[in-house]
4 protein chains.
Amino acid sequence: MSTTNGEPRRGRGRPRTPGAEERIIDAALEEYGEHGWAGFTMDGVARRAGVGKSTVYLRWQDKDSLLTEAVSTRTGAIGAVDTGTLRGDLTQLADNLFRQFREPAGWASLRITFDAAGAHERLGRFTEAVADVQVDAIGRIVQRAIDRGEVPATVIPDWLTACVYGAVTMETLGARLEARELTDEDIAERSAAIIELVMDGALGRSS
Amino acid sequence: MSTTNGEPRRGRGRPRTPGAEERIIDAALEEYGEHGWAGFTMDGVARRAGVGKSTVYLRWQDKDSLLTEAVSTRTGAIGAVDTGTLRGDLTQLADNLFRQFREPAGWASLRITFDAAGAHERLGRFTEAVADVQVDAIGRIVQRAIDRGEVPATVIPDWLTACVYGAVTMETLGARLEARELTDEDIAERSAAIIELVMDGALGRSS
Amino acid sequence: MSTTNGEPRRGRGRPRTPGAEERIIDAALEEYGEHGWAGFTMDGVARRAGVGKSTVYLRWQDKDSLLTEAVSTRTGAIGAVDTGTLRGDLTQLADNLFRQFREPAGWASLRITFDAAGAHERLGRFTEAVADVQVDAIGRIVQRAIDRGEVPATVIPDWLTACVYGAVTMETLGARLEARELTDEDIAERSAAIIELVMDGALGRSS
Amino acid sequence: MSTTNGEPRRGRGRPRTPGAEERIIDAALEEYGEHGWAGFTMDGVARRAGVGKSTVYLRWQDKDSLLTEAVSTRTGAIGAVDTGTLRGDLTQLADNLFRQFREPAGWASLRITFDAAGAHERLGRFTEAVADVQVDAIGRIVQRAIDRGEVPATVIPDWLTACVYGAVTMETLGARLEARELTDEDIAERSAAIIELVMDGALGRSS
DNA sequence: AATTAATCGAGACGGTACGTCGGGTCTTATG
DNA sequence: CATAAGACCCGACGTACCGTCTCGATTAATT
């Protein structure tokens, strides 16, 4: 995470250049998108952002921190949906997720999460930002459905979360491995199919 | 992949040390498990394996190749299950997956897959080994169920695959991020729950 | 050299802090004495002097200028001697030189002179301050001796200068390399010996 | 000094490239000569020598060590003279010194010696190489003269040393500060004058 | 008193060099 | 031939310093 705290640290010296943070994060995501982890260099980021290396290191302690934050700040509010029905909400959520993973920054976010879960250290605030926050999204969606009497109160949101997130992730992974771009139509179709499977089951209730 | 071909290529000079390949792969997985991608160095692997760097580079052309193969050779036959019922097969499959991801090598395999899917190049043979082969496993399982008349022929195996793999992956990810070890009981319970959700849906068919 | 001109430039704004110049020069000499040229940093000087860097750069344009002036302002009037005899004057002069080189600032002055004579540029005013001024001192001393008829008019002051300065320099260098401090007695003895050698020669005129 | 020890450390690995040491030292002297201490960079030296930085740092632990050794290895045998008379030997010696100081490496050697005598540390072997060895040269010259009965045994070689070295140094310094090149004729004349002064004194024995 | 203008301490800025370390190649002596 | 050792060139790492810049806070001389 950045070393900047909320309060602007209004003190004596020259204030930090306002746009720099943003420019560096943009540059970082572009570099990462173009070259992957190997080939993602701090010198390259600084050069692309048009700042000195010290300006970067003044804000992030090392390469990992920069990339981690760059990626997490670009992770939007996926779960801010309210269509009125559970099926609609979940479908919209899956749709949002697909679109997020289609972007380099969104996919990078996932890669970094998996990496962080491997090394037994330094996951820090990243867990909350990427995992908890988004898990809560489904929690609220399901809770609204229970309140409306749409589903029985026995449904456990976490299990739904795992299934929906997992399915979207795997479909995206498959598409990426085959170098196949997901069109908006693909996404709509897959989202509907996933939610149908999760809500109705594979045994053909709809039949 | 390794440059060794099946035939031992017995020629004039000193034959390759028999155990080296294995020792290097073990060392690679241990290093990757301990330090992650950054901090996974060829010097470190060679030193830990007790061999020279040239011995490593004689068998793998670069760092990626070594790690990729190291990880894929440790990926067992997950889908070799046949319990007689679709539900049993899938539950067993999910169980196997959980156990695989619990191991460092198994989890590393997943990380590398995600990494490979980021860079738009050089995924090579890895796709087949990790993705296709395992996707086929579910294909066969479902096909047997259709043949038995257990499920309608309209079920699309790929969608089941994504959901089951995805759910197991996400549950494991969550556990890892919270530094929570999955016991055998946890795994059995989660496997059953996932398969129940996938087969019966969230709307409470069991009710 | 400093950009301050003699007249205090009294205008509207806040006047320069009176003691700052002196404190900075002191700090510069101490830093140079402790760490040498490498390790002599402007940040260090400013911190030690308790001023901001801008205060330093407002007075000297760069590192070299500061160090050069710091050193030359501490170089006292070496040649202001008049004992009545040539031998006495020269002995006193050598004595003064020894004492100057024993001080960190004096020795630093010498180091910088040698450094300036290496790079074929930017010696500027320093030459006059350190070299010419002091050379003139001996010139005047010898001229007085000629006027008194003490020595023939054929004596060339420059050659005497080189010999006396050089001998003192070399003796000091030797002592420093052996980490040997020169006491006042040492200095008196060496000064007398040097002047005796220069005036009478090595062939034993005194014999 | 270099970290290479006398024994060639004949072991298993690839032997150090034979010419590298020399090429690096040459490059270092050229860079130092062109740019002075500031502007003398390790990257520049490595690039000019056509080697990697690690190759440089494998042999010298830091910038100072490299420059120090570079300079001391180029300091030839100044005192290897034997003309048969003391006056001839000393004149030849002064001549050699002048020529040495005229070269960039020779003058750099002097600068570094003065620098080393300032910082109270890390002079190491440099003292012997540059100071003692050359001091001994005059010692032997004077001893031969005493043996021949040319001068009384009371002459102290160290004092002669200081005077001759010092005078040559100061004359060279003066010439450099005035950006005046010393021709061979200048050198011959100055050498003779210095030795005459030292041997006969300033009071005009020749008169 | 209010305004103006220069200086002050502090410290961020774009660069550049430092000394370290890892990647992948190459070269030896030893199996 | 393969091997262990390790030197090689390259380039990124994270740190430190240079000389510049921008800030809020002083501090006079001028309105």
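Chain A is the first sequence line, chain B the second, and so forth, proteins listed ahead of strands; every chain is numbered from 1.
In this structure, Y57(D) places its OH atom 15 Å from P of dC9(F), rounding to the nearest Å. In this entry the distance linking CD of E31(B) with P of dC21(E) reads 16 Å, nearest Å. When the P atom of dG19(F) is taken as reference, atom CD of Q61(C) falls 10 Å away, rounded to whole Å. The CZ atom of R23(C) sits 11 Å away from the C1' atom of dC8(E) (whole-angstrom rounding). Residue E21(D) contributes atom CD, which lies 12 Å from atom P of dA7(F) at whole-angstrom precision. Put simply, CZ on F40(A) is 13 Å from C1' on dC13(F), counting in whole angstrom units.
For the pair R48(D) and E34(D), the salt-bridge criterion is met [side-chain N within less than 4.0 Å of a carboxylate O].
Here the side chain of L58(B) is nearest to one of dA12(E), dC8(F), dA2(F), namely dA2(F). For K63(D), the listed nucleotide lying nearest its side chain is dA17(E); candidates were dT30(F), dG23(E), dA17(E).
Non-hydrogen atoms lying under 4.0 Å from DNA chain E are contributed by G50(A), V51(A), G52(A), S54(A), T55(A), all within residues 42-56 of chain A.
In terms of phosphate contacts, T41(D) brings no side-chain nitrogen or oxygen within less than 4.0 Å of OP1 or OP2 of dA17(E). For the pair R16(A) and dA10(E), the criterion of a side-chain N or O lying under 4.0 Å from OP1 or OP2 is not met. The shortest distance between the side-chain N/O atoms of R12(D) and the OP1/OP2 oxygens of dA29(E) is not below 4.0 Å.
Side chain R14(C) to base dT26(F): a donor-acceptor pair is found below 3.5 Å.
The aromatic rings of W107(A) and F114(B) lie parallel to each other, with less than 30° between the two planes, well short of the 60° mark.
Under the 4.5 Å side-chain criterion, counting only non-hydrogen atoms from C-beta, L58(C) is in contact with R16(C).
Of the listed residues (I24(D), I25(D), D26(D)), just one forms a side chain to side chain contact (heavy atoms under 4.5 Å, CB included) with E22(D), and that residue is D26(D).
In this structure, T41(A) contributes its side chain and G44(A) its backbone to a donor-acceptor pair below 3.5 Å.
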